[in-house]
Amino acid sequence: MDQSSSLSRIDWVARSCRLLAATAAEFRDTKPFAGLTIGTGIHLEPKTVALLMTLRAGGADLVCTGNLNSTQPETVDYLRAQGIKVFATQTRDAEEHGASLDAILAEKPDLLLDNGGDLFARAADKLYANLLGGTEETTSGRTRLMPMRDKLNMPILVINDSPIKQFAENRHAVGQSMFESYLRFTNRSTNGKRVTVFGYGACGKGTAACFRNAFSAVSVVDIDPVTTLEAHLDGFSTRLRDAAIRSADVLVTVTGYPDIITVADLPLIKDGAILMNGGHFPHEIDVEGFRSSPDVVGVDRYEAEQIETVRMRDGRAFHILGGGHMANLAGPRPLGNTVESMDLGFALQARCLERVAKGNLGKEACVIPVPADIDAMVASAYLDLAR
């Protein structure tokens with residue numbers, strides 16, 4: 001019998017990312033990042049390791065940090081054991097996170113792999129000569145960077161604007177992981193629950209569908225009447241915002257914008273309701289506002305579960321999961337999106353960084369979608385492995 005071994009979740013993920021493994025094998029021959037340093041600011045969890053090892057196979061030196069509240073210490077330890085510079089802690093403190101971002105930029109990496117615009121927003125104020133450009137993962141980051149295009153003036157490809165990212169990760173995987181995270185945090189049923197989903201973009205579509213498939217009664221709230229009509233025709237309730245909040249047992253924000261549920265909504269929130277956020281930044285639910293509101297008499301914290309129960313003067317109470325951070329990367333045993341979806345999304349990242357590194361994208365490619373030929377290449381490669 002072969003000798004047995006004890007492996008980690010990082011190993012499980014690496015062996016499951018078949019597309020990244022194939023890309024890494026190619027990169028070992030082509031070395032698209034030879035002589036270049038890539039600075040990364042993206043969730044540091046096991047699936048990210050598979051991407052970073054793919055980039056290193058392509059010859060890149062790496063300097064890495066994470067995002068607020070999603071850095072997993074085991075991942076940091078693993079990367080450091082591989083000789084990779086990591087400036088990151090598991091923190092919710094914006095200043096501490098900012099210091100990590102500054103440490104990345106102090107290394108003057110040639111390419112940036114950004115998530116939420118944290119690195120590029122800082123780089124815009126202190127550009128350096130060898131910065132070639134890079135990638136941005138999220139819609140939140142694209143929204144943040146668009147006003148800075150004239151200052152940045154370099155190729156930045158937005159992964160979230162790829163149709164592959166929209167349907168494979170946002171619709172299917174975010175929806176599934178938000179539903180799974182509700183179960184993981186609460187151990188409560190979804191059957192017969194009234195769920196209100198804020199935002200009917202790709203993430204909202206997937207989230208609404210997963211809760212409906214689990215026998216919940218789902219309402220959708222969106223500010224765009226055309227999108228709201230789509231939700232209606234997809235069979236979801238589209239009652240007015242206040243009514244949708246009043247009736248909800250579970251409130252889920254997946255918009256990418258701040259102040260979706262605020263202190264002004266306190267009179268509407270149902271006794272016992274559960275609030276959770278799936279947007280990149282922890283500002284869709286005004287958690288700090290709730291904690292300091294004069295209508296709130298106390299907050300009970302289930303520290304190990306990362307659940308807060310907000311108690312109101314009128315006797316009502318409601319619960320917030322993960323402090324309003326991304327629920328699928330917060331709380332006990334945060335798993336994030338599925339391996340297959342991230343394998344696809346991170347293959348897009350690797351190919352887009354490869355394109356920027358080649359130097360044949362002009363400044364007009366600043367904050368633009370993934371080029372269509374890269375989408376086609378990644379889709380074909382994934383289908384070849386699936387057949």
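One is the number of the first residue; the rest follow in order along the sequence.
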Using modelled atom types and a 3.5 Å cut-off, is there a donor and acceptor pairing between side-chain atoms of N328 and backbone atoms of V174?
no
Who are the salt bridge (Lys or Arg N to Asp or Glu O under 4.0 Å) partners of K126, not counting sequence neighbours?
D102
Is there a path from I223 to I261 through hydrophobic residues (I, L, V, M, F, W, Y) whose side chains come within less than 4.5 Å of each other?
no
Before you tell me yes or no, could you show the steps for T338 and S341 under side-chain hydrogen bond (donor to acceptor under 3.5 Å, both in side chains), namely the whole-Å CA-CA distance, both residues' side-chain angles and the distance that decides it to 0.1 Å?
CA-CA 5 Å; T338 58; S341 71; 3.1 Å; yes
Within residues 22-39 or reaching into it, pairs that qualify as side chain to side chain donor-acceptor pair (under 3.5 Å) - sequence neighbours excluded
E26-R351
L183, CG: over 12 other non-hydrogen atoms inside 6.0 angstrom
yes
Any side-chain donor-acceptor pair under 3.5 Å between N160 and T139?
yes
May I ask you to test the E284-D259 pair for a side-chain heavy-atom distance under 4.5 Å?
no
Examine distances only and state if a side-chain atom of T190 and a backbone atom of A214 form a donor-acceptor pair shorter than 3.5 Å.
yes
Salt bridge (charged side-chain N to carboxylate O under 4.0 Å, His left out) contacts in which one or both residues fall within residues 158-178, not counting sequence neighbours
E137-K165, R142-D161, K165-E169
Contact between Y382 and E340 at the side-chain level, heavy atoms closer than 4.5 Å - yes or no?
yes
Can you establish whether the number of heavy atoms outside N187 located under 6.0 Å from its atom CG is more than 12?
no
Tightest non-hydrogen contact, residues G39 and L119, listed as O-CD1, 4.0 Å
For D150, all residues meeting salt bridge (Lys or Arg N to Asp or Glu O under 4.0 Å), sequence neighbours excluded:
none
Backbone of S177 reached by a side-chain donor or acceptor of S181 within 3.5 Å
yes
Is T135 close to V158 at the side-chain level, that is, under 4.5 Å between some pair of heavy atoms?
no
How about N69 and H97: does a side-chain donor come under 3.5 Å of a side-chain acceptor?
no
Counting only N and O atoms by type, is there a donor-acceptor contact under 3.5 Å from the side chain of S380 to the main-chain atoms of M377?
no
Hey, is the main chain of V86 close enough, under 3.5 Å, to the side chain of R80 for a donor-acceptor pair?
yes
Under 3.5 Å, which donor-acceptor pairs do the side chains of residues 46-55 form with other protein atoms, sequence neighbours left out?
{"from": "K47", "atom 1": "NZ", "to": "E45", "atom 2": "OE1", "distance (Å)": "3.2"}
{"from": "K47", "atom 1": "NZ", "to": "L335", "atom 2": "O", "distance (Å)": "2.6"}
{"from": "K47", "atom 1": "NZ", "to": "N337", "atom 2": "O", "distance (Å)": "3.0"}
{"from": "T48", "atom 1": "OG1", "to": "H43", "atom 2": "O", "distance (Å)": "2.4"}
{"from": "T54", "atom 1": "OG1", "to": "A50", "atom 2": "O", "distance (Å)": "2.8"}

Side-chain contact test, heavy atoms from C-beta onward, threshold under 4.5 Å: evaluate it for R9 versus R333 and give yes or no.
yes
Would R188 pass as a cation-pi partner of Y182, given that its NZ or CZ must be under 6.0 Å from the six-membered ring centre and within 45 degrees of the axis?
no
Side chains of I285 and F290 in contact at under 4.5 Å (non-hydrogen atoms):
yes
Taking the side chain from T196 and the backbone from A244, do they hold a donor-acceptor pair closer than 3.5 Å?
yes
Can you get from I368 to L348 by hopping between Ile, Leu, Val, Met, Phe, Trp and Tyr side chains that sit under 4.5 Å apart?
no
Quick one: which residue pairs count as a salt bridge (charged side-chain N to carboxylate O under 4.0 Å, His left out) with a foot in residues 362-378, not counting sequence neighbours?
R355-D373
Taking R301 for its side chain and Q306 for its backbone only, find out whether a donor-acceptor pair lies under 3.5 Å.
no
Distance under 6.0 Å and angle within 45° of ring axis: K205 vs Y200:
yes
Determine whether more than 12 heavy atoms belonging to other residues, nucleotides or ligands lie under 6.0 Å from atom NZ of K193.
yes
Under 3.5 Å donor-acceptor, D271 side chain and A317 backbone:
yes
Donor-acceptor pair, side chain of D11 and main chain of L7, under 3.5 angstrom
no
If only side-chain N and O atoms count, and only distance matters, is there a donor-acceptor pair under 3.5 Å linking T91 with E96?
yes
Report, as yes or no, whether the 6.0 Å neighbourhood of atom OH on Y302 holds more than 12 heavy atoms from other residues, nucleotides or ligands.
no
How close do L157 and P369 get, heavy atom to heavy atom, and via which atoms?
CD2-O, 4.1 Å
Do V370 and I159 come within less than 4.5 Å of each other through their side chains, counting heavy atoms only?
yes
Report yes if some heavy atom in the side chain of F198 is under 4.5 Å from a heavy atom in the side chain of V252; otherwise report no.
no
List the steps, then state whether side-chain hydrogen bond (donor to acceptor under 3.5 Å, both in side chains) holds for T309 with H319.
CA-CA 4 Å; T309 297; H319 316 287; 2.8 Å; yes
With a 3.5 Å distance limit and no angle check, can you tell me whether Q72 reaches the backbone of E74 through a side-chain donor-acceptor pair?
no
Might you confirm whether atom CZ of R194 has over 12 heavy atoms from other residues, nucleotides or ligands at distances under 6.0 Å?
no
Counting only heavy atoms not in F167 (residues, nucleotides, ligands), do more than 12 fall under 6.0 Å from its CZ?
yes
Within 6.0 Å of CG in L233, more than 12 heavy atoms from elsewhere
yes
